[in-house]
Amino acid sequence: MSIRLRLTAWYSGILAAVLIFWGVVIYAFVYFNSYQEVEQQLKDKIEWITNQIGVNPLSQSLDIDSFTESQLREAQIYIQLVDYQSGTFKISDNMKKFQIKFPVVKTNEILKERGISKIYVNGTPFLVNQQPLSLQGTNEIRGLLQVGTNVSSQERLLEALRNILVFGWLVAMALAITSGLILARKSMRPLVNVIDAANQIQSGDDLSVRIQYNGPKDEIGRLIETVNNMLERTELSFRGLEETNVAQRRFVSDASHELRTPLTTIRGNVDFLKKLWDQESTDRPNLDEETVKQMSLEAIEDMADEGKRMSRLISDMLSLARADTGQKIELNPIPLQILVQEVARRSQFLDHEADWRPGDLSILNGIYVNGSKDYLQQMLFIFIENAFKYTPDGSVTLDAILYKGQVGLRISDTGIGMERDEVPFIFDRFYRADESRGATPGIGLGLSIAKWIIEEHQGSVEVVTRRGEGTTFIIWLPVVFAPPIE
């Protein structure tokens, strides 16, 4: 059974019980008030008549003749007197007029039938009070007094009330069930929308579906809001996972491409050396020993360079894999001046053609950053090596600036620069400007690693570039101020 039917059944059942209860209460109240006055009138009348009936002193029998005809004339009261000894009885004029006669109770049953009871005479209901009569000083029952009244009007009233209550109950239940089904359906409609949306997502993989609801913020409203928020988060997670999968596939494709070149070179040189040194090969070139030695050294140097390139590529890929797994860098307070000066000193030994011009780094005196020494040095070397690669002539500089609680490490070059539309992509893995791809050494992973290191240090990077005029990177890091170093 659906929730809608269960709600309607519970609502209708409770309403039916309440209506039955109040119907019984109302009927009992009307019944009691309708018959109470009649019963009291019968009690009073039978007491008065009993006092009026005389006793024959000679026969010690009931003298019902002493009860005159005028005393029997009552408009609403029907009186019947029975003398068991003589077998005579008297009835009031209205009983004679309407030919009414109450059934006479036998003497052995009169004690059971005494009191007020309802009797039907010719289909007409009467409320009759039956009182046994006995002589004074004895317990012998000699007669019976029956005083009754027609209660047809009361019966009609009660019958009409019963009909009204039953009909009203049926109408109320019909309206309650109908309105309950309509209201339950209307109330449960948002839940049906939730089910339809879930089925639509399940069948069509459309996570952009949202449940439309303009009702009040009740329990159902909050449920739909929660479901919509859940769908939104699910969509964002799915889109992020999809983007991650695309990036991963691109990463694997680019890594395969980058690894293919050094492997091809190494395999080619191995085959060449094999032919060069195989004395029995028919393809062995006819060269003197000195030439063979020189060519062998060149091939070995090529293989060594490609091996170093593969080693760097694998190391960079390992760093990015750590970043993808959510690995965190342990951060500790580090004096920035000492670190940057060490990087500036060691950078002069890197391969470069441009002039290396480190600036005044005394502004970093007393400034600490929360970071990792090794990772910060790796990040700076990446930017400096990148500047050397793309600056065939000119200069590369390193200096520092302070601004609003942050320190900026600025690496500037006067190299080939970039177009502005390339800037958003330079931190993507394996991305290199089309004009420089193949023209300068590199695999396009350095800046991706540098960006991860900067983000782990709660920093940011700013890029200013122009084609043919050079590029400037500013790495912003939050700082901790300490006493100046002596």
Side-chain angles (χ1 to χ4, degrees), residues 316 319 323 328-418 423 426-427 440 442 445-466 468-486:
D316 291 344
S319 297
K328 298 295 181 182
I329 298 176
E330 184 178 355
L331 305 180
N332 296 296
I334 297 175
L336 196 58
Q337 184 180 18
I338 298 174
L339 185 147
V340 177
Q341 286 177 343
E342 177 67 16
V343 171
R345 184 188 65 80
R346 292 168 56 186
S347 295
Q348 63 183 326
F349 302 110
L350 299 175
D351 292 335
H352 62 280
E353 297 181 4
D355 294 334
W356 172 235
R357 298 176 182 177
D360 184 10
L361 301 176
S362 61
I363 193 174
L364 299 177
N365 184 28
I367 293 179
Y368 283 67
V369 297
N370 288 323
S372 169
K373 178 181 177 181
D374 294 336
Y375 279 106
L376 286 176
Q377 287 182 342
Q378 181 184 4
M379 178 265 296
L380 290 174
F381 279 126
I382 288 173
F383 282 109
I384 294 172
E385 285 181 331
N386 190 73
F388 284 154
K389 287 179 186 177
Y390 296 101
T391 309
D393 54 19
S395 62
V396 176
T397 61
L398 170 65
D399 59 357
I401 54 177
L402 293 175
Y403 181 74
K404 291 185 178 181
Q406 288 187 318
V407 60
L409 303 177
R410 180 167 52 192
I411 298 100
S412 301
D413 65 66
T414 58
I416 62 176
M418 295 177 288
V423 174
I426 61 175
F427 295 101
T440 55
L445 291 179
L447 291 181
S448 299
I449 298 173
K451 183 181 179 183
W452 170 64
I453 295 173
I454 293 171
E455 291 175 347
E456 287 296 307
H457 286 77
Q458 289 81 46
S460 61
V461 60
E462 180 180 348
V463 184
V464 179
T465 185
R466 190 169 183 178
E469 295 184 5
T471 303
T472 298
F473 290 93
I474 304 177
I475 299 97
W476 293 101
L477 298 173
V479 303
V480 177
F481 290 90
I485 299 175
E486 297 294 338

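- Between the side chain of Gln348 and the backbone N or O of Arg345, at least one donor-acceptor pair lies under 3.5 Å.
- Nearest approach of Thr465 to Met418, heavy atoms of both residues: OG1-N, 3.0 Å.
- From Arg357, atom CZ reaches atom CG of Asp413 across 12.5 Å, with rounding to the nearest 0.5 Å.
- A 6.0 Å sphere centred on CG of Asp351 holds no more than 12 heavy atoms belonging to other residues, nucleotides or ligands.
- Within the 4.5 Å cutoff, no side-chain heavy atoms of Leu447 are placed close to those of Val461.
- Atom CG of residue Asn370 and atom CG of residue Asn332 lie 8.0 Å apart, to the nearest 0.5 angstrom.
- Rounding to the nearest 0.5 Å places CD1 of Ile426 at 9.5 Å from NZ of Lys451.
- Every residue two or more places apart in sequence or in another chain was checked for a side-chain hydrogen bond (donor to acceptor under 3.5 Å, both in side chains) with Asp374, and none qualifies.
- At least one side-chain heavy atom of Ile411 sits less than 4.5 Å from a side-chain heavy atom of Leu380.
- Minimum heavy-atom separation, Ile363 to Ile401: CD1-CA, 4.5 Å.
- His457 places a side-chain N or O within 3.5 Å of a backbone atom of Ser372 that can act as its donor or acceptor partner.
- Judged by distance alone, with hydrogens and angles left aside, the side-chain atoms of Thr414 form a donor-acceptor pair with the main-chain N or O of Ser395 at under 3.5 Å.
- When every heavy atom of Ala344 is checked against every heavy atom of Leu361, the shortest pair comes out as CB-CD1, 4.5 Å.
- Here CD of Gln378 is found 10.0 Å from CD of Glu385. Values are rounded to the nearest 0.5 Å.
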Side chain to side chain contact (heavy atoms under 4.5 Å, CB included) between Val369 and Leu339: does it pass, once the steps are laid out?
CA-CA 11 Å; Val369 297; Leu339 185 147; over 6 Å; no

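- Smallest separation of non-hydrogen atoms from Ala400 and Leu364: CB-CD2, 3.6 Å.
- Across every non-hydrogen atom of Phe473 and Thr471, the tightest pair is CE1-CG2, 3.5 Å.
- Exactly one of Phe381, Trp356, Phe383 qualifies for a ring-ring contact (aromatic ring centres under 6.0 Å, His included) with Phe388. That residue is Trp356.
- In plain terms, the two heavy atoms of Gln337 and Asn365 that are nearest each other are OE1-CA, 3.2 Å.
- Summarising the geometry, atom CG belonging to Leu336 is positioned 10.0 Å from atom CD belonging to Gln341; distances are rounded to the nearest 0.5 Å.
- Remark: Met379 CE to Glu456 CD distance equals 12.5 Å, nearest 0.5 Å.
- A donor-acceptor contact shorter than 3.5 Å is absent between the side chain of Asp399 and the backbone of Asp360.
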